[in-house]
Each structure stands twice: as structure tokens, then as C-alpha cells.
Amino acid sequence: MHKTIACGDLRPEHVGTTVTLAGWVNRRRDHGGIIFIDLRDGKGIGQVVFNPDLSPTSHTVAEQFRNEWVVQVSGEVRPRPPGTENPALATGQVEVHATEALVLNPAQTPPFSIGEGVEVDEMVRMRYRYLDLRRQPMQENLRLRHRVIKFMRDFLDARDFVEIETPILIKSTPEGARDYLVPSRVHPGHFYALPQSPQQLKQLLMVSGFEKYDQIARCFRDEDLRADRQPEFTQLDLEMAFVHQEDVLELIEELYIALVETLTPQKRLLKPFPRVRYDDAVSKYGTDKPDLRFGLPLADLTEVAHSSQFRVLRDPVAQGGVVKGFAVPGIAGYSRRQTDELAHFARERGASGLLTVPLGGTAASLDDLKLEDIPSSLARYVSLEEVRAMARATGAGVGDMMLIAAGPASTVNVALGQLRQEMGRRLGLADPNHLAFAFIVDFPLLEWNETEGRWDSSHHPFTSPMEQYWEHLEADPGKARAQCYDLVCNGVELASGSIRIHRRDRQARILRLLGYSDAEIQERFGHLLEAFDFGAPPHGGIAPGIDRLVVLLSEGAESIRDVIAFPKTQSAVDLLFGAPSPVREEQLRELHLKVVPDEEKG
RNA sequence: GGCCCGGUGGUGUAGCCUGGUUUAACACACCUCCCUGUCAAGGAGGAGAUCGGCGGUUCGAAUCCGCUCCGGGUCGCCA
């Protein structure tokens, strides 16, 4: 080794010993005579002193040191002189007095500072990702990620799970996300697909009798990106035989509680995880991934609005829509500009408009409230009693503001749900040190696809409906509820899973319901159906996302790009390697491919 | 594909709305010199920018207009 101890491991117990350190120059302070170097390595930072009186030769070498040079230093560990200890450093009680110094590799001035916590443009960070990763916050993020994954593996190993790798080159799946395709050289015109998840493979492993399978699995989806989506991402994929839904939920709850309490004990946790029905989540929070760190629940105002004379509310109801609203405490004094901004926010998310209803004035209670205390267009069209009814329904009091939207239920829920999240953030109700986990259950099995005119699986076609819905499934598909569950936390979907169908006849019924012909079923799912004929056990599983979890557990990661070593941009470009890129004509020929130029761009 | 935000020395920002008193400003980093107990060391000096690109308006464009590229956010999309 080029070193005998890590820079970050220096402690008072080493005083008197002679050590050799190697690392990067984090910062240098040259006093003309004495020189201080903060030397950084993977374990942390330690201070080295170069004193010309002690060692003129090493002092001369150290005069050339610059930030990020890779250097090796030997010397004696001594306690720092009284009054010069640095409590901000774990190594701050001691320092190394250099007697030998060596430049292992000089370095150019980096494009951005490694040692200081300056915000740097993400484009530059990704272009020089290896330098970005050298920075402390990114080191912490990736080390946390490692510990999370190791914890999961150890936890499952102790419960008899077997980690099994599944292929990356596999068959293109028919529906769902767009596949990344890989052309076959050996079979002209044929393609592999990268797995969107190992879904069918893990079900086949259940048929194989492994009973408990898990995998830290890379998944690929060629869809447009968001802050919490990358073209490739990592899941803890797991599946169990002979389980009911509650068995899976209990395992996951136990895993997440143990993981958080062990790795991030500073985070507050709500135990046990509430089970929230899908319908309740949507009606109360407008979304199936509610942030439960705060209240601000949505209230249904359709009844009140229906009888009112206000067309903005009445007409949408007459057309089968709903009116919903929620109370935001203490913001009755918002300026016109601020309320306009909220309305803009709602419209951007699909709402036709937003009624802002401040309950202002100095009234002691709702009963004393006067119409002139309500600077809102609502007050011009509805009675004071109707405003009071809405306030009672939303829980608004004097000094609060009601935010109300009308329209089709799905539109209103999306807009108000996101507005609720935004208000929680603005009012500081969403404490980042609080993790509010919850299971969302009782999902609908199917969703009507308006554009395609058919039923889609809300989860995936292998999800089993609850037992009682099999009987009238074809007669009333929309009514069926699934044995399907999500784990959500702080407004983020963290995991999704289900009890699967394990009998051929039932799987075929679902696929036919989804509009597949018998020939298509055989071509696309034949391998799975055939497996079910050979003794498939009842089974189910879940797939927790690793990237989003690490973001929630980390201090300061703002997107999953901050917890992925080499992420891609929103346009799926790798700025470090410059991928994707054209390939040689010869490579294309081997793959029997010809590139057709874009018609518009030529 | 739609909408929104951003792009100014190596980094982070100001200037842009209201075009010319700006030789494009400031901080950090960088280079030189001074400095023997600092830890965001300090002091003095210096170098460094086709203002993302192309085109237009104008006597004059970082500033106004159009197109375009790149990054980010979001809707669609993500079984």
C-alpha cells in the first residue's frame, strides 16, 4: 500500500507513531514558513504540517502542492498545540508533522471546486462526473446507497431468500413502457429487449420451487424522463411462493423499519405503516401516492355547489363532475399576485380554474363572518350560508383560505392533489426528517383506456383480482379490485407489487379481457401459461425502487441523479461518454441494420 | 410532442425589463510576490469572457425580435 493509515482515521491514539498518508490535496494554507495541507481520502480529511525547521526538503516539495494533487506524506502524529484543535474535523485533535513528501500525480485545476460546497451546473457536473463524485455530498450519497443495498441483501438472506440473476437480453414485452431493443447479429431482423423488470422471470422462479427470490435488478424503460426517472434504474425485486398480500406487506414493513432505524436513525418514522385504500387516498389527497406528513385533506363540496347559483361550480356538476376544495391555514392575507400564482399552478396541472376563497376580517368565528370579509368571486354569487357550509366541510376557519376547483373528478383530483403538496411544501409542513410510509391497497384491477377503447391493467396483467371478483369479472370488469399494493412515502411511490395469478385458465381470462386474441396470447405469453400447467404455486411479490429510497434517506439529494453514479440527462444522453453515438457502417451491416434519416430533419 | 425556467471569464452570480457613462461588474478559483499555527488563513499585484449558436431590427445589441442547440422542471408517457 502507498499508505499505512487513512487520512480520515487519524485519532489521538496514534500520537507518537509514524504514519504514511496518501490522498488528494483538499486545501493548502501556505504561511510562507509553515504550510498546512488538508489531505483527503475516502475516509475523510486530516491535517498535515510542513515545517521548514523540521524537514526543509519536504517543505520545499509541499510548496508546489496544489488542490487535487495526489500526494504521499510520511511523518509523526502529534497532538495539535492547545487552542488549535479543530472540532469540525473528526481528525481535529491531531496532525501529522511531515518528514517526507512525494508527488504521486500532479493535477490540473479542476473545472469546479471539489473541497468547497459550491453549487455547480448539473451539465458541468455530469461532464466531469468522476470529479463530481469526488465531492463529499456525492461520496455520502453513494456510500449510503451501498449500505441500503447491503442491508436489504443481509435482511433477506437471513430470511432464506436466494438472490438469482436474470438475463439482461430478453424478449420484447407487448405492452407497458417502450422497450430498449438490441438487434441480433445471428438472427437478421430479430431483436432482444432489455427487461423493464424481471416480472415474468421471477414468476418462473416460483414455478421452479425457489419459494423466496430476490435480486438487486437493473430495469430499462425507453420513456421520457423526470426528476425521479432514469432510462435505467434499480429495483429490489422480490417474489415469494405461498404468500397472501399481508405476508408481503409485513415483510416489507419490517424491512423498511429496520433499514431506516439502522441506517438513518435521525429520521422520524410512523409505525406501523397505515394501510390506505386507493379510493380513500384519491378522494382525500387527490392522488394514489399521498404525502402523509401533513393534513390539508380535500373535501367534497359537490352537494353544496350543486344547489348554488354559481355557474362556475354548478355547471361542471351538472355535467357529471365534482367540486372539491381544501383549507390552507393562515393565508387569508395572501396578495392578489399570490392567489393568481396558485390559480396558475392549478391551471398548469389541468384545472379549468381555481377559486381562492380567503376568510378574512376580524370575525371571532365563522358565524360572525360577513360577505365583505371574503374577497373572492365566490362571495358575489353564493350566500354566506353556502360559504359557511363549504368552510365547515373543508375545516376552514377565519384567517384561512379555501382553494376550490370544479370539473371532471380525475382533473380536479390531479390539480388539487398537487396544489395540496405544493402548499404543504410552502408552509413548511413537509419535514424532510419525517418519513411517512403507507401502503396503498385495494387498487382497481383494470382501467378503461379512453383512446384505445379497451381495458388496461392498472398494475400489470399478471395481477390477481381479489377472489370474490372472479365470478362476475367479464360482466363488470371495472368493479374488480386487485390484490395489489404500493408502498408510498412523502408523496413518492417507492414500491409496487401484487399477488399474481398462478393458474393458466385464470391468466388466459385476464389476457382475453385485455383484448388479446388466443393466438396473441400463445405467441406472447405461451411460455408463462405453459409453466403454470406444471404446478405453479400461489405467489406474489413486490419491487421497491432503490434510487428513490436513497434520495429520501439522504441529506440533500434532490433527484435520483444525485444517488446514481453515472446518470443520464433528461434527453437520455450520457454527457461523460457522449452516448448515444453513431456506430461504424460495418457494425450496422453485421446487424443487418440501415439507418433511415429523419424525414423532417433530413 | 406541449408548456415553463435557465445558458455572461474555470466556478457561482450581477447587468437584460428601460439598447449607448461598462473599458461587461462582483465573489471564489488560478498565477506572481509577501507572510512560521492556519483550517472559508491573511495582505499586495496580475491574467482570464467570440455574453450558448445563427439570423434580424438599429447609427449602435449581453440587452429588443425570430429560429436553433444544450441543461433543468412539468404535462402527455412511464403494463
Exercise for review: Give the nucleotide from the list B:C70, B:G76, B:C78 with an atom nearest to the side chain of A:D224.
Suggested key: B:G76
Point to revise | Quiz item: A:R226 side-chain donor-acceptor pair to B:G76 base, under 3.5 Å | key: yes
Check your understanding: Distance only, no hydrogens: is a donor on one side chain within 3.5 Å (strictly under) of an acceptor on the other, for A:D291 and A:Q421?
Key -> yes
**Study point:** Euclidean distance, atom CZ of residue A:R125 to atom P of B:G12 [Å, nearest integer]
**Key:** 11 Å
Check your understanding: Watson-Crick or G-U wobble partner for B:A44, using a 3.5 Å limit on both distances?
Key -> B:U32
Exercise for review: List the protein contact pattern of nucleotides 31-47 of chain B with one symbol per nucleotide (5' to 3'): B for base contact, S for sugar-phosphate-only contact, - for none; contact means a heavy-atom distance under 4.0 Å.
Suggested key: SS--BBBBBSB------
Check your understanding: If you measure from the C1' atom in B:C69 to the same atom in B:G48, how many Å do you get, rounded?
Key -> 26 Å
**Study point:** Nearest-Å distance once atom P is located in both B:C51 and B:U23
**Key:** 16 Å
Check your understanding: Of the nucleotides B:C78, B:U11, B:G72, which one has an atom closest to the side chain of A:T569?
Key -> B:G72
Review point. With a non-hydrogen cut-off below 4.0 angstrom, is A:S571 in contact with a base, only sugar-phosphate, or nothing?
Key: sugar-phosphate
Review point. What distance, rounded to whole Å, do you find between the two P atoms, one in B:A62 and one in B:G19?
Key: 14 Å
Check your understanding: When the C1' atoms of B:G60 and B:A41 are considered, how many whole Å apart are they?
Key -> 47 Å
Point to revise | Whole angstrom value for the distance that separates C1' of B:G71 from CG of A:L225 | key: 13 Å
Study note, to complete from the structure: Across every strand shown, the nucleotide meeting Watson-Crick or G-U wobble geometry with B:G66 (both distances under 3.5 Å) is B:C54
Check your understanding: So which nucleotide does B:G12 pair with, by the Watson-Crick or G-U wobble rule with both distances under 3.5 Å?
Key -> B:C26
**Study point:** Between A:Q230 and A:D547, a side-chain donor and acceptor under 3.5 Å
**Key:** no
Exercise for review: Name the nucleic acid region contacted by A:P461, choosing base, sugar-phosphate or nothing; use a 4.0 angstrom heavy-atom cut-off, strictly under.
Suggested key: base
Study note, to complete from the structure: For B:C3, the nucleotide meeting Watson-Crick or G-U wobble distances (both under 3.5 Å) is B:G73
Point to revise | Of A:L575 and A:H460, the one whose closest RNA chain B nucleotide lies more 5' | key: A:L575
Practice item. Mind calculating the distance between NZ (A:K568) and P (B:C70) to the nearest angstrom? Key: 17 Å
Review point. Taking a pair as Watson-Crick or G-U wobble with both distances under 3.5 Å, which nucleotide is matched to B:U38?
Key: none
Review point. Are side-chain N/O atoms of A:Y469 and A:D476 paired as donor and acceptor at under 3.5 Å?
Key: no
Review point. Atom CZ of A:R127 to atom C1' of B:G7: distance rounded to whole Å?
Key: 17 Å
Point to revise | Whole-Å distance separating the CZ atom of A:F443 from the P atom of B:A79 | key: 13 Å
Review point. Rounding to a whole Å, what distance do you find between A:D456:CG and B:C77:C1'?
Key: 13 Å
**Study point:** Donor + acceptor pair across side chains of A:Q203, A:Q199 (<3.5 Å)
**Key:** yes
Point to revise | Polar contact flag, side-chain donor to acceptor under 3.5 angstrom, A:R40-A:Q139 | key: no
Point to revise | Distance, P atom - from B:C31 to B:C16, rounded to whole angstrom | key: 34 Å
Review point. What integer number of Å spans the P atoms of B:U63 and B:C67?
Key: 16 Å
Review point. How is A:R561 classified with respect to the nucleic acid when contacts are heavy atoms under 4.0 Å: base, sugar-phosphate, or nothing?
Key: sugar-phosphate
Exercise for review: Between A:R221 and A:E119, just flag the one whose closest nucleotide in RNA chain B comes earlier from the 5' side.
Suggested key: A:E119
Point to revise | Whole angstrom value for the distance that separates C1' of B:G73 from CD of A:Q421 | key: 15 Å
Review point. Distance between the P atoms of B:G56 and B:G72, in whole angstroms?
Key: 32 Å
Review point. Side chains of A:Q215 and A:T166: is there a donor and an acceptor less than 3.5 Å apart?
Key: yes
Check your understanding: B:A61 and B:G45: how far apart are their C1' atoms, nearest whole angstrom?
Key -> 34 Å
Review point. Does NZ or CZ of A:R349 come closer than 6.0 Å to the centre of the six-membered ring of A:F345, within 45° of the ring's axis?
Key: yes
Check your understanding: Do the side-chain N or O atoms of A:N67 get closer than 4.0 angstrom to the phosphate oxygens (OP1, OP2) of B:A29?
Key -> no
Exercise for review: Compute whether any side-chain donor of one residue and acceptor of the other, for A:N449 and A:D456, lie under 3.5 angstrom apart.
Suggested key: yes
Check your understanding: Would you say the base of B:G6 and the side-chain of A:D121 have a donor-acceptor pair closer than 3.5 Å?
Key -> no
Exercise for review: With rounding to the nearest 0.5 Å, note down the distance linking CD in A:Q507 to CZ in A:F462.
Suggested key: 6.0 Å
Exercise for review: Could you tell me the separation between the CZ atom of A:R178 and the P atom of B:G1, rounded to a whole number of Å?
Suggested key: 11 Å
Review point. Side-chain donor or acceptor of A:R229 under 3.5 Å from a matching atom on the base of B:C78?
Key: yes
Point to revise | Side-chain donor-acceptor pair present, A:Q200, A:H527, cut-off under 3.5 Å | key: yes
